[in-house]
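Report on the following structure.
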Protein chains: 2
Amino acid sequence: MSSSKRSKTAPRAGRVKLADVATASGVHYSTVSRVLRPGSKGRISDAVAEHVRAVARELGYQPNSVAASMRTNSTYSIGLIVHDMSDPVYPPILTGIEEVLSPQGFAVLVGNTGYDLAVEMDVVNRMASRLVDGIFLATTRLEDPIVERCQDLDIPLVSVLRQTQSRDTPAVINDCLGGMQALTRQVLAWGHRDIAVILAPQNLSTGRERWRGISDVLSENGMTLPEHRIVHVEHMSVDEGERAARTLLADGAPPEAIICVNDLVAIGAIRACRAAGLNVPRDIGISGYNDIPLVDMIDPPLTTVRMNLKEIGRTAAELMLAHMAPDAPPSRTVRIDAELVLRASLRNLNG
Amino acid sequence: MSSSKRSKTAPRAGRVKLADVATASGVHYSTVSRVLRPGSKGRISDAVAEHVRAVARELGYQPNSVAASMRTNSTYSIGLIVHDMSDPVYPPILTGIEEVLSPQGFAVLVGNTGYDLAVEMDVVNRMASRLVDGIFLATTRLEDPIVERCQDLDIPLVSVLRQTQSRDTPAVINDCLGGMQALTRQVLAWGHRDIAVILAPQNLSTGRERWRGISDVLSENGMTLPEHRIVHVEHMSVDEGERAARTLLADGAPPEAIICVNDLVAIGAIRACRAAGLNVPRDIGISGYNDIPLVDMIDPPLTTVRMNLKEIGRTAAELMLAHMAPDAPPSRTVRIDAELVLRASLRNLNG
DNA sequence: TCTAATTGTGCAAACGTTTGCGCAATGCGG
DNA sequence: CCGCATTGCGCAAACGTTTGCACAATTAGA
């Protein structure tokens with residue numbers, strides 16, 4: 001009976017439930033529910049409440065939240081969909097989300113897509129089956145079937161890091177436009193003229209905004225980039241960054257600087273430059289975006305743009321809370337400030 | 001009716017359930033359940049099964065797994081408890097776990113403890129309330145109240161990265177002993193004699209095993225470390241590593257090498273050395289443990305020991321599956337091999 | 001052709017909560 | 001002292017599945 005193994009379907013041996021607490025307290029189990037569930041309707045006298053609480057504590061009662069969910073249709077769990085948790089941009093976001101949502105009693109379900117849209121759709125459907133109260137989507141494309149699916153399923157959605165074209169979904173993003181503008185101005189101010197860029201896919205708001213940040217500043221200064229100074233990566237990884245930089249370098253004289261769409265790509269670019277016999281930053285400048293951990297320790301320390309990821313997570317969580325409420329506010333996009341971080345990977349050609 | 005907002009307690013508008021599929025198919029809803037739930041008891045004719053499946057697809061039926069859990073007492077969800085997802089050792093483990101468990105229909109709930117035992121206990125209790133089918137514990141201490149709590153709650157537990165003193169819990173760990181021995185032999189072979197160590201708390205199996213790996217090899221060679229060459233960190237972070245190294249360096253002549261309990265600590269140590277005007281590796285050698293991403297790119301590239309984290313995650317998941325089954329095997333500890341990775345942060349004093 | 005075994009489906013209970021409703025007891029104003 | 005509002009608690013339904021059991025229909029064996 002008290003075997004430590006339990007069969008697949010048998011209830012956990014001796015798990016104490018509401019009814020047990022009720023009989024032990026000499027009240028009806030609905031009364032116990034009302035005592036233990038703060039904010040239930042019926043009012044209970046202090047004496048009874050205290051007694052029931054004592055008995056519940058005594059018996060070590062742990063509410064069965066699955067049963068509660070069955071009744072309330074709310075699981076107090078939310079999904080977080082990312083491409084790959086190993087990408088260092090995601091963990092701080094998760095931390096920020098948990099910081100806000102854990103105290104409220106929410107649990108976070110993470111789903112890795114592995115960059116596969118079919119997997120991602122599956123993840124959403126499974127989260128829907130589990131009746132998550134909401135989903136944080138960190139993979140958002142400008143036109144996104146996942147977003148549509150969530151709308152069909154009527155699941156509150158908050159987009160993080162990126163946003164949709166239509167902007168009909170609440171989102172918390174980094175100010176990529178401002179960040180990239182500031183960075184590009186610095187690159188120009190330091191005398192770089194022959195500039196190359198490694199860009200993200202343009203079906204992502206980040207990819208597009210960062211590119212616009214660059215091109216805006218360039219055209220302000222009467223410059224445009226020739227075709228052969230622009231390359232794209234499919235995913236933002238070290239390997240793809242390295243490959244992209246190699247193709248940039250294969251084509252005649254190297255540029256004076258490469259502006260990379262993010263840090264991992266920049267690190268790949270540094271590798272490629274080094275492999276091509278170029279010294280960074282003496283022969284070529286490199287910049288990233290994100291300021292992920294350790295990029296201040298690499299050789300050379302990476303010039304980049306810091307996005308306050310934990311703050312993005314926290315804000316997203318607050319937006320989620322607002323949007324799960326019965327009187328949800330209209331969708332809005334919150335931009336979190338970006339901060340330029342100058343390090344040695346980009347030098348001042350004038351000085 | 002088709003409002004996109006839904007109240008807290010109202011069922012999602014128009015969510016199709018078993019009964020809907022049943023009436024649309026002209027069969028009883030139990031029949032639908034048997035068709036859709038592979039491996040149910042009653043056998044259904046192919047004709048009916050096919051028809052029901054078609055109708056279900058047509059109606060876009062998504063099973064309500066909360067209701068199923070209510071009946072079966074199994075949620076097909078498992079918890080993963082870590083101190084802080086931002087520590088780069090954890091994400092690959094999560095990926096490995098998901099790789100094995102997602103195809104089986106499991107979802108992963110992550111819980112960050114923030115290094116706080118009270119929080120951790122709370123996380124466990126909340127996961128218990130949610131009826132998780134099992135818990136991966138990555139925070140295991142040699143004597144661990146969390147492990148005891150899980151045993152009391154009768155929740156299958158698999159320890160990852162570390163193990164308990166009693167070893168009565170299944171665990172998947174890295175071969176810290178072998179890894180540290182190999183590293184220490186290399187340090188000695190390269191002529192370092194005045195060695196210092198920065199150790200983890202000794203109430204952790206990793207902390208203790210890595211220290212034993214070092215001291216075993218030292219005593220094999222007739223050496224022992226003086227007190228002032230041994231310091232401890234509370235948590236394995238860059239900051240604590242830096243502080244620990246500072247105290248090491250404050251005390252007379254610097255050692256020839258510092259063996260650090262992990263990479264983050266080693267990076268902190270490198271910082272401290274640099275701040276003290278020492279060149280790594282010329283004036284002092286530094287080694288880490290883990291081989292986290294980017295430590296091959298830092299200055300200087302870090303000599304370390306690689307643990308196959310994803311493999312640890314996968315193996316832990318398989319152990320979990322075995323232990324959730326009705327006929328669970330006896331607990332055992334699986335060791336995953338460690339691999340020495342030599343880089344520039346430690347040089348050969350002989351040549 | 002008759003009995004026995006097998007197959008396919010319906011019936012209804014159970015899982016542990018939450019909560020609308022009803023009713024007794026109490027308090028209060030007149 | 002009566003009637004009415006308020007307070008405190010019990011009753012029972014409902015949430016959407018899974019599954020043991022009953023039983024009708026079909027098949028097989030003799």
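Protein chains get the first letters and strands the later ones, always in sequence-line order, with residue 1 at the start of each.
In this structure, B:Arg130 places its CZ atom 23 Å from P of C:dC15, rounding to the nearest Å. The CG atom of A:Asn64 sits 18 Å away from the P atom of C:dA14 (whole-angstrom rounding). Note: CZ (A:Arg37) to C1' (C:dT17) measures 8 Å, nearest angstrom. For the pair B:Leu36 CG and D:dT17 C1', the interatomic distance rounds to 12 Å; values are reported in whole Å. Note: CG (B:Asn73) to C1' (D:dT18) measures 12 Å, nearest angstrom. Atom CG of B:Leu18 is separated from atom C1' of D:dG16 by 7 Å (rounded to the nearest Å).
If you find the closest nucleotide of DNA chain C to B:Thr31 and to B:Met70, the one lying nearer the 5' end belongs to B:Thr31. For the pair B:Ala49 and B:Ala67, nearest-nucleotide mapping onto DNA chain C gives the more 5' position to B:Ala49. DNA chain D is contacted by both A:Val27 and B:Ala68; A:Val27 maps to the nucleotide lying nearer its 5′ end (nearest heavy atom per residue).
Considering only side-chain N and O atoms, B:Tyr61 lies under 4.0 angstrom from the phosphate OP1 or OP2 of D:dT17.
In this structure the side chain of B:Leu157 never reaches within 4.5 angstrom of the side chain of B:Gln151, judged on heavy atoms. Looking at B:Met320 and B:Asp133, their side chains never come closer than 4.5 Å, going by heavy atoms from C-beta outward. Within the 4.5 Å cutoff, the side chain of B:Leu36 has no heavy atoms near those of the B:Pro63 side chain. Taking 4.5 Å as the limit, every side-chain heavy atom of B:Val27 sits out of range of all side-chain heavy atoms of B:Arg34. Two residues are said to be in side-chain contact when any heavy atoms from C-beta on lie closer than 4.5 Å; B:Cys150 and B:Val124 meet this criterion. Taking the side chain as every heavy atom from C-beta outward, B:Ile146 and B:Ile135 never approach each other to under 4.5 Å.
Of all nucleotides listed (D:dG16, D:dT19, C:dT17), D:dG16 comes nearest to the side chain of B:Lys17.
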Show your reasoning for whether side chain to side chain contact (heavy atoms under 4.5 Å, CB included) applies to B:Glu120 and B:Leu137.
-> CA-CA 10 Å; B:Glu120 190 165 347; B:Leu137 191 63; 3.6 Å; yes
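In the displayed structure, B:Glu58 atom CD is contacted under 6.0 Å by at most 12 heavy atoms of other residues, nucleotides or ligands.
Counting all heavy atoms, side chain and backbone alike, A:Met127 lies closest to A:Leu80 at CE-N, 4.0 Å.
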N/O to N/O distances under 3.5 Å, protein versus nucleotides 6-8 of chain C:
none

Protein-nucleic acid N or O pairs under 3.5 Å, nucleotides 11-13 of chain C:
unit_1	atom_1	unit_2	atom_2	d
C:dC11	N4	B:Ser30	OG	3.2
C:dC11	N4	B:Arg34	NH2	3.4

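The residue B:Val66 sits apart from the nucleic acid: no heavy atom pair falls under 4.0 Å.
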